Amino acid sequence: MNTNLLAHINSPKELRKLSKEQLPQVAKELRDFIIDIVATKEGHLGASLGVVELTIALHYVFDTPNDLLIWDVGHQAYGHKILTKRKELFHTNRQLGGISGFPKRSESIYDTFGTGHSSTSISAALGMAIASNINGDVHKQHIAIIGDASIASGMAFEGLNHAGVTNANLLIILNDNMMGIDPSVGALKNYFTNVKAGKKVRKNNIIEALNFNYSGPIDGHNIEAVIAELERLKPIKGPKFLHIITTKGKGLEKAEQDQVKYHAPGKFDKITGELEAKSTKIEPPKFQDVFGKTMVELAKENPKIVGITPAMPTGSSLKLMIDEFPERAFDVGIAEQHAVTLAAGMATQGLMPFCTIYSTFLQRAYDQIIHDVALQNLPVVFCIDRAGIVGEDGATHHGVFDLAYLRCIPNLVLFAPLNEVELRNIMYTAQLGVQFPLAIRYPRGKGFMIDWQQPFSTIEIGKGTCISEGNKIAILTIGTIGNTIIELQNEFLKNAVAHYNMRFVKPLDHKLLHQIFEKFNTIITIEDGTIVGGFGSAILEFASKNKYQNHHIEQLGIPDEFIEHGKVDELFETIYLSKKHLKSRILKLLSSTA
């Protein structure tokens, strides 16, 4: 019976003591270890399974952590974490207090750069390589591992363009599996497909044209071949590029067959790969599905509607429109800046673009929002998915800054629906012909209503609503967190707490706010965005500008710090936004006003 080799590997030092002939066994054990843990603890599966051989080869050939590895988007880095002194902690991956699902500098010396967003590895590795030259360390190796979906991003090309005119000791490894989260798209994907097929593109090789020493493509699951090529490239000076071919989900048949679903599949049977059966209980839909189905519904009636997403057609549910109206819905790849300006261009020609982007990724297109959309006052509708706390993906993915960074932009209207019906109705209102940019932000996960597909009605821009009357304190909420106050209302003395669903952060409902400030001395603002510069700050600015003095205004929201990973309910508990903490705070304020 074979000894379990992985059990004796706690760092790359032990790995390097093995013979090359033993490494395929390590690969099998590492793959099984990842499957074992992720099957019950959940996480990103397919990407890490696809780079098992590459991960072993890199740590076997290079002197990590002295040589620097950067994994572009940490979805690939589970094997890396297990081999770098975190095997015993891997069961805590993405859990509150456990290790991060992404590379994180504060977690390990082997994590040389934090990579939760894609396409950053080349620039970071080049920066490190230039620093090594300046510091006189000419032998240090700098390796960026990037996927074929990520390398199509503009930032990756910026890094390639600069690297090609340097003498940096840089190796870029293209992990080509034709997948991001969804299938890769675009002309560059087609180019790499032709390279793999052996078609005559070598004399026009785009990578060689950028002054890289190009090699490949080679089989990324042939560990002997990968090691041999890495050893050949290691002493070569200057920028190098290795093209390897892998299969996302390698080693688990179901994950290979359905690479989109098994990117992050939830719980599954580690032997068969079958996903855990879902409850048959009728539940509210996910907000992304409300968006996707509403887009199809509206597009059937309005031929000017177009949909755009940067590489998130399944996650945003724009795929429903792509399938129904392929000529009017576009996945542009990992290219948030392009997505926003593409939408702006369409808007100049009378189309009604709905640009759906996760909140955390919209940050990457901030200049385009300001310069290309808002400055020109173009009617682009931003549907901002995954707003607020998103859970296990942690600090890189929480969508907590959007209210603050969008609120300061002139011309932009900013709306946060309380529920699915408000999301549908603001989308309906927008496509009737708004003459300004509109941002709609909504959370990850399930909504609140079974009966959500109600007839459309228009929403008056800048108009909030009173959900419940009261005479002691006023609570002003923005977005879906207002549902927590609705649930709590029966636990307060009758007519004690007034609750207002403000809906618009910009423009604020000044008429309603004057009524509130004239009636109440104690006002609470609640948001699932950062307190600094967010909805509560807007209310404070209103109070100051209108000289409302002697009012007690309390802001509740995301504190001025990066929130780590964990289940959403757990994180709300840690930042005092849980139902329990909100109830306690409101009751305390009520007692002080008695």
Side-chain angles (χ1 to χ4, degrees), residues 28-52 73-79 81-82 87-102 177 179-183 247-293 312-317 319-320 358 385-386 389-394 397 420 443-450 452 565-573:
K28 183 182 185 309
E29 291 171 2
L30 182 55
R31 199 167 260 120
D32 289 345
F33 189 89
I34 293 171
I35 291 170
D36 263 7
I37 300 294
V38 179
T40 57
K41 299 296 184 180
E42 304 186 22
H44 295 101
L45 181 68
S48 285
L49 292 183
V51 294
V52 164
V73 190
H75 297 151
Q76 307 176 83
Y78 285 5
K81 291 202 169 205
I82 293 163
K87 182 175 60 184
E88 302 305 320
L89 294 172
F90 188 65
H91 68 282
T92 71
N93 184 45
R94 303 173 80 245
Q95 297 178 47
L96 186 67
I99 64 173
S100 170
F102 299 101
N177 58 23
M179 292 291 295
I181 294 176
D182 287 87
T247 299
K248 190 171 182 179
K250 179 73 172 177
L252 185 66
E253 186 177 358
K254 290 282 187 182
E256 292 184 36
Q257 291 172 349
D258 193 340
Q259 296 178 345
V260 174
K261 186 176 289 183
Y262 282 81
H263 172 75
K267 294 181 180 179
F268 61 94
D269 185 295
K270 66 181 182 182
I271 305 299
T272 67
E274 291 287 346
L275 299 182
E276 190 175 88
K278 293 185 178 180
S279 170
T280 56
K281 178 183 175 184
I282 298 176
E283 294 184 300
K286 293 179 179 179
F287 273 93
Q288 68 193 54
D289 291 334
V290 173
F291 161 79
K293 291 176 182 178
M312 291 293 158
T314 300
S316 70
S317 291
K319 192 172 189 306
L320 299 175
Y358 291 5
D385 197 350
R386 272 53 167 189
I389 295 291
V390 298
E392 291 85 348
D393 283 340
H397 281 61
E420 301 92 312
R444 180 186 187 186
K446 289 186 176 65
F448 305 91
M449 308 173 72
I450 302 295
W452 60 275
H565 52 275
K567 295 186 185 307
V568 172
D569 290 345
E570 294 174 330
L571 296 176
F572 273 145
E573 190 73 18

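All figures in this text were calculated on a predicted structure; none of them were measured in a lab.
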Practice task
Begin from the C-alpha positions of Glu573 and Glu570 and carry the test side-chain contact (heavy atoms from CB on, under 4.5 Å) through to its verdict.
Solution key: CA-CA 5 Å; Glu573 190 73 18; Glu570 294 174 330; 5.6 Å; no

Atom pair [atom1] ([X]) and [atom2] ([Y]), whose distance is rounded to the nearest 0.5 Å:
X	Y	atom1	atom2	result
Phe287	Asp385	CZ	CG	10.0 Å
Gln259	Gln257	CD	CD	10.0 Å
Ile35	Ile271	CD1	CD1	9.0 Å
Ile34	Ile82	CD1	CD1	4.5 Å
Asn93	Ser48	CG	OG	8.5 Å
Lys293	Trp452	NZ	CH2	5.5 Å

Give me the atom names and distance for the closest heavy-atom approach of [X] to [Y].
X	Y	result
Leu45	Ala255	CD2-CB, 4.4 Å
Gln288	Ser317	O-CB, 3.1 Å
Ser100	Lys81	O-NZ, 2.5 Å
Gly43	Pro265	O-CD, 3.7 Å
Pro285	Met449	CD-O, 3.4 Å
Ile99	His565	O-NE2, 3.1 Å

Handout entry: ring pair (Phe, Tyr, Trp, His ring centres under 6.0 Å) partners for His75, two or more places apart
Key =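 His44, Phe102, His263.
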
Handout entry: Counterpart residues, ring pair (Phe, Tyr, Trp, His ring centres under 6.0 Å), relative to Tyr262 (two or more places apart)
Key =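 Ring pair (Phe, Tyr, Trp, His ring centres under 6.0 Å) check on Tyr262 returns nothing, list empty.
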
Problem - Check ion pair Asp393-Arg94 (N to O, under 4.0 angstrom) - result: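 The answer is yes: the pair qualifies as a salt bridge.
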
Practice task
State plainly whether the residues Asp258 and Lys254 are in salt-bridge range, i.e. N to O under 4.0 Å.
Solution key: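 Looking at Asp258 and Lys254, the cut-off is not met.
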
Exercise for the section: Given side-chain contact (heavy atoms from CB on, under 4.5 Å), test Leu49 with Tyr78 step by step and report yes or no. Expected result: CA-CA 8 Å; Leu49 292 183; Tyr78 285 5; over 6 Å; no

Practice task
Hey, could you give me each pair passing side chain to side chain donor-acceptor pair (under 3.5 Å) that has a residue in residues 34-43? Not counting sequence neighbours.
Solution key: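 Pairs touching residues 34-43 that pass the test: Asp36-Lys270.
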
Problem - Donor-acceptor pair, side chain of Arg386 and main chain of His397, under 3.5 angstrom - result: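 Checking the backbone N and O of His397 against the side chain of Arg386, no donor-acceptor pair under 3.5 Å is found.
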
Handout entry: 4.5 Å side-chain heavy-atom contact, Lys261 and Leu275
Key =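 Yes - at least one pair of side-chain heavy atoms lies under 4.5 Å apart.
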
Practice task
Step by step, work out the side-chain contact (heavy atoms from CB on, under 4.5 Å) result for Tyr358 and Val390.
Solution key: CA-CA 11 Å; Tyr358 291 5; Val390 298; over 6 Å; no

Practice task
List the steps, then state whether side-chain contact (heavy atoms from CB on, under 4.5 Å) holds for Lys567 with Glu392.
Solution key: CA-CA 6 Å; Lys567 295 186 185 307; Glu392 291 85 348; 3.4 Å; yes

